[in-house]
Amino acid sequence: MTLTPLVYWAQRHEEIYLRVELTDAQNIDVHVHEKVLQFRARGHGAKGLNEYEFNLEFISPVKPEVTHRSTQRQVNITVRKEQRGWWERLVVQERKPVFLAPDFDSWLDESDAEMEIREKEEKRNRLNASRHKEEGFVSLKTGFLFIYNLVQFLGFSWIFVNMTVRLFIFGQDSLYDTFHTISDVMFFCQILAAVEVLNAAFGVVRTGVIPTLIQVVGRNFILFIIFGSLEEMHNRPVVFFVFYLWSSIEIFRYPFYMLGCFNTEWKTLTWLRYTIWIPLYPLGVIAEAVAVIQSIPIFHETKLFSIPLPKAIGTSIGFSYFLHIYLVLMFLGLFINFRHLYKQRKRRFRTKKRKAN
């Protein structure tokens, strides 16, 4: 004797939904042939654990592709109509089978189904509109970041190429006039670098605010205070080494960011961006420290930036004392940024190894 499970149905303009009351169903076989859906499975139904099956001949043609999903409580079947429309009943015979009943949890009248379609379309339109806005914002952000990195790349490339050419042409003499020939462009690039702190602070780019702030403030202190305010420092060779090491790092960092704006990668450039800083960054900090040490006697003699104290004390706090403290802070900042850059490198290449595996 064939056992038949309880089957509940509902429809939409394009689909038929069937819910078969069969618990822990196994060996499910569902297919459609010439408008007839055939179902067979083993599970717990009204007659306990048995084989259950049923056939349904639809009132109109349906597509042969059938999808089903089994849960612990039931089997859900979805059948797509051949033509979009609303059926007056499910099966050919006017008198429905005794095992078939409406699924009132999913049941909708034709007008309700039309309203559901309109609501889905409105929701889809809202999602598309919001997506377009997000894409517009992303495009604006991408354009801004690309232009910023391009300008910085051009600036530091000019500095690097100019210093390299002058070194080959003039030799050792080029070390003594670096500030007069390069400083204007370096001032521009380092002032513009303050944008990177704002980008990190406002989440425009995903990077730490503290390491970015340390680098930008540290470089600008050397450039504007140590070099810019002391004419005696303008002709020192240390200016050449500081500028050359800075630009050597940036000519790889900024084009890497430019490609990243368009989710593009050049493996050689990626390796250089995450590796070249290992020797250059400590050398840059050492060059900056040499510049600070050379400036200390000058600040001590000129009393520049010294803080006057009351006449009763009769002295002042020299800026040179602050520079001694600053030297300690420089190497603390070196440790913080070196640790940050090392973590970035480790994370980057560990991720790529995982993708390769």
Side-chain angles (χ1 to χ4, degrees), residues 124 127-165 182 185-216 218-220 243-284 336-357:
R124 191 182 302 113
L127 288 174
N128 289 336
S130 63
R131 189 177 296 114
H132 289 320
K133 289 181 180 178
E134 290 178 1
E135 289 175 354
F137 172 74
V138 170
S139 299
L140 182 63
K141 183 178 77 171
T142 301
F144 164 73
L145 291 175
F146 179 80
I147 292 173
Y148 169 77
N149 290 311
L150 175 62
V151 171
Q152 290 287 65
F153 170 66
L154 293 176
F156 280 106
S157 296
W158 183 89
I159 293 171
F160 181 82
V161 172
N162 190 297
M163 293 178 69
T164 303
V165 171
I182 303 297
V185 179
M186 185 61 81
F187 280 134
F188 171 78
C189 290
Q190 283 306 130
I191 291 173
L192 193 60
V195 173
E196 296 181 30
V197 180
L198 298 176
N199 288 343
F202 291 103
V204 178
V205 295
R206 295 180 180 179
T207 189
V209 179
I210 300 300
T212 306
L213 184 66
I214 290 174
Q215 177 169 311
V216 173
R219 283 190 179 182
N220 284 343
F243 285 8
Y244 205 73
L245 289 167
W246 286 357
S247 59
S248 298
I249 294 174
E250 306 302 21
I251 59 175
F252 298 110
R253 188 166 71 99
Y254 286 114
F256 171 80
Y257 291 152
M258 289 164 58
L259 293 179
C261 291
F262 302 101
N263 296 320
T264 305
E265 182 181 5
W266 181 23
K267 291 183 179 179
T268 303
L269 181 62
T270 300
W271 185 87
L272 287 170
R273 183 264 179 270
Y274 285 102
T275 307
I276 199 72
W277 61 268
I278 296 175
L280 295 184
Y281 188 67
L283 288 175
I336 294 173
N337 271 13
F338 201 94
R339 185 164 173 262
H340 170 72
L341 292 170
Y342 176 75
K343 284 184 177 180
Q344 279 189 330
R345 187 180 192 278
K346 188 176 180 181
R347 190 184 310 118
R348 179 75 182 193
F349 291 114
R350 182 173 56 194
T351 302
K352 294 187 73 62
K353 285 181 181 178
R354 286 178 180 174
K355 289 181 179 178
N357 294 333

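Hydrogens, waters and symmetry mates are skipped; everything else that's a heavy atom, side chains included, is used.
Residues Trp271 and Arg345 are in side-chain contact: their nearest non-hydrogen atoms beyond the backbone lie under 4.5 Å apart. A heavy-atom distance below 4.5 Å is not found between the side chains of Thr212 and Asn199. By the 4.5 Å heavy-atom criterion applied to side chains, Arg348 and Arg273 are not counted as neighbours. Residues Thr207 and Gln344 are in side-chain contact: their nearest non-hydrogen atoms beyond the backbone lie under 4.5 Å apart.
Taking the six-membered ring for Trp and thresholds of 30 and 60 degrees, Phe160 and Tyr244 have nearly parallel ring planes, at less than 30 degrees apart. Classified by interplanar angle (parallel below 30°, tilted 30° to 60°, perpendicular above 60°), the ring pair Tyr254/Phe156 is parallel.
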With ring pair (Phe, Tyr, Trp, His ring centres under 6.0 Å) as the criterion, how do Tyr257 and Phe153 come out once you've worked through the C-alpha distance, each side chain's angles and the decisive distance to 0.1 Å? CA-CA 10 Å; Tyr257 291 152; Phe153 170 66; over 10 Å; no
Take Phe144 and Val195, measure what side-chain contact (heavy atoms from CB on, under 4.5 Å) needs, and give me the verdict at the end. CA-CA 11 Å; Phe144 164 73; Val195 173; 3.8 Å; yes
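Taken from CE in Met163 to CD1 in Ile159, the straight-line distance is 8.0 Å, to the nearest 0.5 Å. Taking NZ of Lys343 as the start and CG of Leu341 as the end, the distance is 11.5 Å to the nearest 0.5 Å. The line from CG of Leu245 to CG of Leu283 is 6.0 Å long, rounded to the nearest 0.5 Å. Going from atom CD1 of Ile336 over to atom CG of Leu213 covers 10.5 Å, rounded to the nearest 0.5 Å. Atom SG of residue Cys189 and atom CH2 of residue Trp158 lie 9.5 Å apart, to the nearest 0.5 angstrom. Between Asn220 atom CG and Gln215 atom CD the span is 10.0 Å, to the nearest 0.5 Å.
More than 12 heavy-atom neighbours from other residues, nucleotides or ligands sit within 6.0 angstrom of CZ on Phe262.
Between Asn337 and Pro211, the shortest heavy-atom distance links the atoms OD1-CA, 3.1 Å. Across every non-hydrogen atom of Ser248 and Ile251, the tightest pair is O-CG1, 3.4 Å. When all heavy atoms of Gly155 and Val185 are compared, the pair lying nearest together is O-CG1, 3.8 Å.
Considering Phe256, Tyr342, Tyr281, Phe252 as possible partners of Tyr274, the one that fulfils the ring pair (Phe, Tyr, Trp, His ring centres under 6.0 Å) test is Phe256.
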